[in-house]
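This report concerns only the one structure given below.
In this chain, numbering begins with 1 at the start of the sequence shown. All values below come from the heavy atoms of this structure, side chains included, with hydrogens, waters and symmetry mates left out. Counting starts at 1 for both ligands and their atoms, following the listed order.
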Amino acid sequence: MKTNQILVRYGELSTKGKNRSSFIGRLRDNIHHTFSDLGKLQIKAERDRMFINSDSEEDMEQVISRLPKVFGIQSFSPVTETELSLEAMKSAAETLIGKMDTEGKSFKVTVRRANKDFELQKPEILHGIGSHVLRAFPGLLVQMKNPEIDLKVEIRDKAAYMTAEVIQGAGGLPIGAGGKALLMLSGGLDSPVAGFHMLKRGVRLELIHFFSPPFTNDRAKEKVFDLAQKLSEFGSSVNLHIIPFTKLQQEVHKQVPDNITMTSTRRMMMRVADGVLEETGCKAIITGESLGQVASQTLESLHAINAVTTTPVLRPLIATDKLEIIDTAMQIGTHDISVRPYEDCCTIFTPANPKTKPKLEKVEYYEGFVSFDELIQEAVEKREVIKFPRAKINEFDELL
Ligand code: ATP
Ligand code: MG
């Protein structure tokens with residue numbers, strides 16, 4: 001008996017109509033990439049399910065332990081192969097069920113006899129395996145409809161294949177299936193979590209960070225590097241664009257009254273992001289904004305910020321409570337990096353009394369005294385780009 005095959009169920013993926021084959025292809029490529037450090041895997045993708053095969057049992061163990069972190073998979077089951085005899089199947093069933101918690105659990109056996117020449121008929125196989133398992137695990141209760149443990153046996157020409165355990169997948173969509181977007185990554189708690197939610201929806205990320213030396217120091221930058229590294233551990237490489245933001249920020253402070261500098265600064269960030277977006281093929285901007293969290297995150301404020309761009313701005317956390325965000329940050333391993341006490345450019349320039357209801361006309365009026373175009377162009381051109389290659393997914397233990 002050996003585990004040399006894994007059955008993968010797509011879940012949401014399989015409901016995607018015409019796009020389905022491209023989603024499935026993407027998932028197959030992502031699995032190949034994720035396990036490129038192992039020996040060659042054979043992946044057979046069918047309409048409703050996928051089979052991963054390898055000759056190495058060690059590699060199979062690795063795949064089983066790392067697969068729960070790959071987006072686009074609803075659940076999967078290791079498949080055990082045995083020789084075509086009732087005795088072999090009985091003993092494999094006992095081993096498989098022995099790995100699970102059986103006390104008080106409902107149970108049934110399902111048999112598919114694809115090999116019509118097999119010497120035993122279906123009822124004999126069902127009875128032989130079922131009674132053997134029930135003797136070995138007296139805590140099991142037989143139940144035909146929706147049992148907790150469903151031992152499936154498939155009799156084929158050369159061997160029998162058995163599955164019992166169903167392992168939960170990460171859900172979501174395969175990374176890359178949703179195109180690419182530009183995440184505004186500060187050093188705070190929210191934006192990395194916002195990035196995680198979009199990765200889970202299959203969106204590949206490009207990162208942008210606004211850096212204002214000497215008001216912010218290298219420690220703040222290091223924090224962002226570490227967050228970028230964490231985000232690369234979800235199965236996709238990321239580029240981080242570091243924008244020299246000091247001149248723009250100082251110009252804003254010179255031109256607009258104190259209580260609307262926050263709004264104006266955000267608008268400058270959006271305009272720079274648009275410049276980077278054009279060069280990177282991203283189709284949207286992502287932020288970590290959450291309604292009502294701070295002065296810059298009221299509807300009036302978001303309205304004034306948004307008016308500066310026609311690019312879709314995605315805010316996956318807009319209706320999320322801070323406590324939920326903290327929970328996710330802990331699960332995905334970004335929390336401890338985000339709470340390091342180094343301030344970013346916004347904290348330092350935060351006015352004492354920012355307007356919670358900035359008027360768009362007023363912001364536009366003050367910004368209108370100078371042209372920010374050149375400074376924006378310069379910020380885009382002088383950016384530093386750092387590539388974070390896709391990290392091996394098993395270095396990332398906390399996810400989900
Ligand atoms: P975060 O925890 O993500 O820093 P926050 O609650 O501190 O968010 P703000 O400081 O108002 O909120 O920032 C709102 C959003 O603007 C952030 O989630 C982020 O997407 C973006 N942002 C803010 N500062 C920067 C920065 N220095 N570089 C890149 N993006 C930034
Ligand atoms: Mg912040």
Side-chain angles (χ1 to χ4, degrees), residues 181-198 205-213 215-217 219-225 227-228 230-231 238-246 248-249 252 260-277 282 284-302 304-306 308-309 311 313-318 320-326 328-329 332 334-351 354-356 358 379-380 383-384 386:
L182 183 61
L183 171 67
M184 290 175 57
L185 182 67
S186 69
L189 269 166
D190 304 320
S191 39
V193 173
F196 165 76
H197 283 295
M198 295 315 296
L205 297 181
E206 201 81 22
L207 311 175
I208 184 168
H209 176 71
F210 298 88
F211 186 55
S212 298
F215 306 105
T216 44
N217 62 27
R219 294 287 177 78
K221 206 172 178 182
E222 242 175 65
K223 229 173 126 171
V224 176
F225 283 12
L227 288 171
K230 270 279 169 236
L231 289 171
V238 290
N239 293 320
L240 170 65
H241 302 256
I242 304 257
I243 306 291
F245 199 49
T246 317
L248 260 169
Q249 231 174 341
V252 165
I260 54 169
T261 51
M262 183 63 105
T263 313
S264 198
T265 307
R266 286 270 178 274
R267 286 162 57 86
M268 296 306 152
M269 285 186 177
M270 288 288 171
R271 288 172 70 178
V272 175
D274 266 342
V276 173
L277 194 108
C282 292
I285 294 171
I286 306 164
T287 78
E289 284 155 322
S290 165
L291 196 64
Q293 220 185 64
V294 288
S296 61
Q297 297 175 25
T298 61
L299 280 183
E300 289 80 2
S301 190
L302 294 179
I305 296 167
N306 235 88
V308 83
T309 178
T311 305
V313 181
L314 310 178
R315 301 181 167 94
L317 305 183
I318 198 72
T320 316
D321 290 353
K322 191 76 189 184
L323 288 178
E324 289 172 50
I325 296 171
I326 292 174
T328 311
I332 66 172
T334 54
H335 176 273
D336 290 358
I337 305 170
S338 291
V339 297
R340 288 184 211 154
Y342 309 109
E343 306 189 275
D344 80 355
C345 59
C346 303
T347 332
I348 284 162
F349 284 95
T350 305
K355 268 234 177 300
T356 53
V380 172
R383 72 188 192 274
E384 183 188 354
I386 299 145

Problem - Within-shell test, Met262 vs ligand 1, heavy atom, strictly < 4.0 Å - result: no
Exercise for the section: Would you please say whether a donor-acceptor pair under 3.5 Å links the side chains of Arg266 and Asn306? Expected result: no
Handout entry: Pair Thr320-Ser290, side-chain donor/acceptor within less than 3.5 Å
Key = no
Practice task
Might you point out which heavy atoms bring Ile325 and Val193 nearest each other, and give the distance in Å?
Solution key: O-CG2, 3.8 Å
Problem - Atom indices of ligand 1, in the order listed, that fall short of 4.0 Å to a heavy atom of Gly288 - result: 17 (C), 18 (O), 20 (O)
Exercise for the section: Please report the closest heavy-atom contact between Val252 and Ser264, naming both atoms and the distance. Expected result: CG1-CB, 3.8 Å
Problem - Non-hydrogen atoms of Ala273 and Leu182 that approach each other most closely - result: O-CD2, 3.4 Å
Exercise for the section: Compute the shortest N/O to N/O distance between Ile208 and ligand 1 and return yes if it is under 3.5 Å, no if not. Expected result: no
Fill in the blank from the handout: For Thr287, the ligand 1 atoms with a heavy-atom partner under 4.0 Å come out as 20 (O)
Problem - Nearest heavy-atom neighbours spanning Ser338 and Lys223 - result: O-NZ, 3.1 Å
Handout entry: Closest non-hydrogen atom pair, Gly288 against Asp190
Key = O-CB, 3.2 Å
Practice task
Consider every N or O of Pro192 and every N or O of ligand 1, then say whether any pair is closer than 3.5 Å.
Solution key: no
Practice task
Between Leu183 and ligand 1, find which residue part has any heavy-atom pair under 4.0 Å and reply side chain, backbone, both or neither.
Solution key: neither
Practice task
Before signing off on this row, confirm whether Leu189 and ligand 1 have an N or O atom pair separated by under 3.5 Å.
Solution key: yes
Practice task
Please determine if Ser186 has a nitrogen or oxygen closer than 3.5 Å to a nitrogen or oxygen of ligand 1.
Solution key: yes
Practice task
Output the list of atoms in ligand 1 that are nearer than 4.0 Å to some heavy atom of Gly188, sorted by atom number.
Solution key: 1 (P), 2 (O), 4 (O)
Handout entry: Polar atom proximity, Ile286 to ligand 1 (N or O, under 3.5 Å)
Key = no
Handout entry: For atom 10 (O) of ligand 1, the option (of Gln297, Arg266, Met184) bearing the nearest heavy atom
Key = Arg266
Exercise for the section: Considering the heavy atoms of Asp190, write down every atom of ligand 1 situated less than 4.0 Å from one of them. Expected result: 1 (P), 2 (O), 3 (O), 5 (P), 6 (O), 8 (O)
Problem - Residue list, salt bridge (charged side-chain N to carboxylate O under 4.0 Å, His left out) with Glu384, at least two apart or on another chain - result: Lys221
